[in-house]
Amino acid sequence: MNFFRDRDANSNVFDDPKNDPTAPSPTTSPRKKQKYESQPPSSTGSADDAALASLRKRMAGPSSAKAGLAKDQDEINRIIYEVSKGSKFFENERKKDAQTTERINALLVRRDQKLLQVPRGSAEWLAIERKIEDMATRLENSRDLSRTILHTDIDMFYAAVELARDPSLKGKCFGVGSGVLVTASYEARRGYGVRSGMAVFVAKALCPHLIVVKNDMQSYVQASQKVMAVFEQYDENLAKASLDEAYLDITDYVEQHGGSIDQVVQQLREQVRSETQLTVSVGIAPNTMLAKISSDRNKPDGQFRVQPDRKAIVDFMRDLPCRKIPGIGRVNERILESLGVSTCGEIWNKRVDLWLAFDGKIEWLIKAHLGIGNTIVEPSKREERKSVGREHTFSPTADTQALLDLLKESAQRVEQDLERLDFKGKTVTLVAKRDNYQRFSRARTSTRLVHRAEELYDITSSLLLQEIEREGALSLRLIGVRVTQLVDLRGAAAGEERLRKLFQSKPVAEGEEGATAKTTLRRTARELREEEERQLALAIKQSLEGSADPFTEVPDLSQDDVAVRSRSQTPIAARMTLQSDRNSDMPTAITPRQDPPSEEEGAVQCPVCDRTVHGSNDRLNAHIDACLNQSALNTSPSDPAEAGPSQRGDRPDASAKRKRGPLDLFVRRGK
DNA sequence: GCGGATCAC
DNA sequence: TATGGTGATCCGC
């Protein structure tokens, strides 16, 4: 587990006591002398005791402050500390934490310096206050309370699924995961302090009879699919945040079906329960941020609503710890704390201090204070992807050849992913982690579009060798490859262009105008979607099959048992189970994409314009680049395709972000 | 454009 | 004995 990922702990052994928000704030900053390196805990006296206690508390993890957990938290913390101390992982966490302390010190120095120039109550001070007022007014004017948005969160997702698979686990202490626990049963949590994110060996130290169940992605995917199918009845345009979390906009549903909002949500939860045996916790609010926070409020198996009323929202925010705001993690929590801000309400009191410390960039904080958030729910779009990468952890090695081999495996994985997703990229990054857990990356941007494993390996291996040359042997525990500056071979630019050419090559039947054209297009679109489905299914299948090799798909871990996101942003998981449910012989049901002609053959078909291109690899690449640039230039923004039944498009900000499919261009023409 | 850091899940 | 993987974003340079 990560000892420092503690949502609730608010102190740390390496904190400078002077950072205590309750302590009087000095106007000068002697803190620099207090850095960890100059004051290791072991060299101090009573401060050491306090430090130890504080560290143990911190290590307690995210759930330590929650009700109903282990009674003897101190003892649990002591055990965790005993089995963890001295490890490289732990030392690295300690180092990072000391670094955060340094950063905070620097921030406070800056604030104090500015405070000398801008004394409290001075004209400048008042001017800053005025600017913040204006900012708040502007934000307030943009507040939209008209939508009813849900954040749904399946309770104890992994554990619940495992329990359904193996009822004999009921009432026992068990955890799910391998190496690191994804989740733990209530019994293990409550009785022994076992938590998600905890290393298995630590969990076993706490609970020797803990049953550890290996995670089974396919079950979670199937379970998720069933739950999401229910959600889709309430909002077909829902945004799946992970296998067990989703955002829904039920404004239209409630309008069309009647009933109170709370009743509708009750009904939704009941439907999930009866159809899947799983329970969900739901947050109801006028924006996604408030909904997300709310879903945590009556967990498990509950719902909580923030009324769409300004005062109700501000009241809700006032005592809310900043850490609850999505985007404020443990570092930002500490930073805010050092400035005397622990709750969202305090943001306003300290607004000028925050302005000075953050150089005026505090709009996100003011929004948090006001409870203003995103009011648009829409599925994430494939073509908005920014990077594709693979990385893998292994037992540390400094053997260059071994590292290169591992790198090659990552490169091959990335090639597969790029192929499947129809992307190429310009920037290739080597990512690595030293055996002391320190991460680093080295990148190179190519003038060409790269996607093949060989190219990826060539670039990253040269970066690695360069690094080894520079600083001698590198003992690594993780290595990987990431590609950015992606170019979509299927999406808006290439896809539309491709379709347009296809369409033009099959002229509309005489006299029939749009009708034939549209049906042709619709069919083409459907075929494309089906092809996409097959690709996605294939992807899932591959990821599920690979449990024997070292690159086995590993589910996400997180604070709670959540974090079970399918690797792709697209909801591939659900679709896959659909396929596998219908066809027991999956391999034949899922048709792999035809391999494009090899680029080595000297004559290949350009994936963009479909013309055959002869020549060297470089020349082919150049052609494809040119083609893509061309189609990108030709692509113009267009209106939403078919106006759906939903009226959300009538909202100004919604229409701006309205989903636009690759066919928009043509549909508009057909009108 | 690059590298580190932070965050979510 | 032993602490993950994928992707996004921001900042400073």
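Just so it is clear: chains get the letters A, B, ... in the order the sequence lines come, proteins before strands, and each one is counted from 1.
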**Asked** With sugar-phosphate meaning primed atoms plus P, OP1 and OP2, does Gly179(A) contact a base, only sugar-phosphate, or nothing at under 4.0 Å between heavy atoms?
**Response** nothing
**Prompt:** Between dT3(C), dG5(C), dG4(B), which nucleotide gets closest to the side-chain atoms of Ser87(A)?
**Reply:** dT3(C)
**Fill in**
Winner on side-chain proximity to Thr445(A), out of dG1(B), dA8(C), dT3(C), is dG1(B)
**Item:** Nucleotide dG7(C), atom P - distance to CD of Glu391(A) in whole Å
**Value:** 9 Å
**Message:** Using a heavy-atom cut-off of 4.0 Å across all strands, would you classify Lys204(A) as base, sugar-phosphate, or nothing?
**Reply:** nothing
**Message:** Whole angstroms only, please: what is the CZ-C1' distance between Phe423(A) and dT6(C)?
**Reply:** 15 Å
**Arg94(A) and Glu91(A) ion-paired at < 4.0 Å** = yes
**Request:** Please tell me which of Gln99(A) and His151(A) maps to the more 5' nucleotide of DNA chain B, matching each residue to the nucleotide holding its nearest heavy atom.
**Result:** Gln99(A)
**Message:** Distance check needed: dT1(C) C1' versus Lys88(A) NZ, whole Å only.
**Reply:** 12 Å
**Prompt:** Base, sugar-phosphate, or nothing: which does Thr427(A) touch, judged by heavy atoms less than 4.0 Å apart?
**Reply:** sugar-phosphate
**Prompt:** Which is true for Gln438(A) with a 4.0 Å heavy-atom rule: it touches a base, it touches only sugar-phosphate, or it touches nothing?
**Reply:** nothing
**Message:** What's the closest nucleotide to the side chain of Lys292(A) if the choices are dC9(B), dA8(C), dC7(B)?
**Reply:** dC9(B)
**Message:** With hydrogens left out and only the distance checked, is there a donor-acceptor pair under 3.5 Å joining Thr393(A)'s side chain and the base of dT3(C)?
**Reply:** no
**Message:** In whole Å, I'd like the distance from the CG atom of Leu181(A) to the P atom of dA2(C).
**Reply:** 18 Å
Return the polar atom pairs (N/O with N/O) between nucleotides 10-13 of chain C and the protein under 3.5 Å, or none.
none

**Presence of Asn332(A) side-chain N/O under 4.0 Å of dC7(B) phosphate oxygens OP1/OP2** = yes
**Fill in**
Side-chain contact check for Arg103(A): nearest option of dT9(C), dG3(B), dA5(B) is dA5(B)
**Asked** Closer than 4.0 Å, any side-chain N/O of Lys96(A) to the OP1 or OP2 of dC7(B)?
**Response** no
**Fill in**
Per atom distances to the Phe89(A) side chain, the nearest of dT3(C), dA8(C), dG4(B) is dT3(C)
**Request:** Check the distance between dA8(B)'s C1' and Tyr247(A)'s OH and give it to me in whole angstrom.
**Result:** 10 Å
**Item:** Asp359(A)/Arg110(A) salt bridge by N-O under 4.0 Å criterion
**Value:** no
**Asked** Taking the side chain of Tyr437(A) as heavy atoms from C-beta outward, which of dA5(B), dG4(C), dA8(C) is closest to it?
**Response** dG4(C)
**Message:** Can you confirm whether Glu384(A) is buried at CD, in the sense that more than 12 heavy atoms of other residues, nucleotides or ligands lie under 6.0 Å from that atom?
**Reply:** yes
**Request:** Return no unless some side-chain N or O of Ser387(A) is found under 4.0 Å from OP1 or OP2 of dT6(C).
**Result:** no
**Prompt:** Between dT6(B), dG5(C), dG7(C), which one does the side chain of Arg482(A) approach most closely?
**Reply:** dG7(C)
**Message:** Please pick, from dT6(C), dC7(B), dT6(B), the nucleotide with the shortest atom-to-atom distance to any side-chain atom of Arg390(A).
**Reply:** dT6(C)
**Asked** Taking for each residue the nucleotide of DNA chain B with the nearest heavy atom, is it Arg444(A) or Thr100(A) whose nucleotide lies nearer the 5' end?
**Response** Arg444(A)
**Asked** Are Glu455(A) and Lys424(A) within salt-bridge range, i.e. N to O under 4.0 Å?
**Response** no
**Message:** Categorize Val388(A) for me: base, sugar-phosphate, or nothing, with a 4.0 angstrom heavy-atom threshold over every strand shown.
**Reply:** sugar-phosphate
**Asked** So His209(A) and Tyr192(A), would you call those rings parallel, tilted or perpendicular, with 30° and 60° as cut-offs?
**Response** perpendicular
